[in-house]
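As structure tokens, the structure follows; a few thoughts come after it.
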Amino acid sequence: MSWQVERAPGLRVRRTGEGRVAVPLRLSRNGEHATDAELSLSPADAEHLHAALCRALDGEPPPPSPPDCVSPSRRRPVPHTSSAAHNT
């Protein structure tokens, strides 16, 4: 049995009423859609994930139409630290 988890198409990351960040996910089993779910993160965990994604994308070209939060005038620098600190 093979599972795959990806962002749910057409659904936005959003803030919940409790102030958490909800990331919609789609779970598939053996290539067939099984269910949708949400990854619920505290604001601090969402920031850690954001920083980890920035580090993982470092050096990659931005997409043709990047969201405004990654435009050069709004990009926040992510401090580079030892590789041990990258495990969040």
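Positions are given from 1 along the sequence.
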Inset, instruction - Verify the neighbour count for atom CD of E6: are there more than 12 heavy atoms of other residues, nucleotides or ligands below 6.0 Å? - result: yes

Inset, instruction - Say whether, by atom type as modelled, one donor and one acceptor occur between the side chain of R20 and the main chain of S40 under 3.5 angstrom. - result: yes

Inset, instruction - Would you check if the side chain of N30 reaches a backbone N or O of M1 as a donor-acceptor pair within less than 3.5 Å? - result: no

Legend entry - Exercise: identify the closest heavy-atom pair between R29 and A34: N-CB, 4.3 Å

Legend entry - side chain to side chain contact (heavy atoms under 4.5 Å, CB included) partner of V21, chosen from E47, R15, H50: R15

Legend entry - P43 to G19 - nearest heavy-atom pair and separation: CG-O, 3.4 Å

Legend entry - Contact check, side chains of E38 and V23, non-hydrogen atoms, under 4.5 Å: no

Inset, instruction - Indicate if L57 and L49 have the same hydrophobic cluster label, given that clusters are the connected sets of ILVMFWY residues with side-chain heavy-atom separations under 4.5 angstrom. - result: no

Legend entry - Separation between CG of L25 and CG of L11, rounded to the nearest 0.5 Å: 10.0 Å

Inset, instruction - Would you check if R26 and H33 make a side-chain contact, meaning some heavy-atom pair closer than 4.5 Å? - result: yes

Inset, instruction - Give a yes or no on whether the backbone of D45 and the side-chain of S42 come within a donor-acceptor separation of less than 3.5 Å. - result: yes

Legend entry - Joint cluster assignment, L41 & L27, ILVMFWY side-chain distance < 4.5 Å: yes

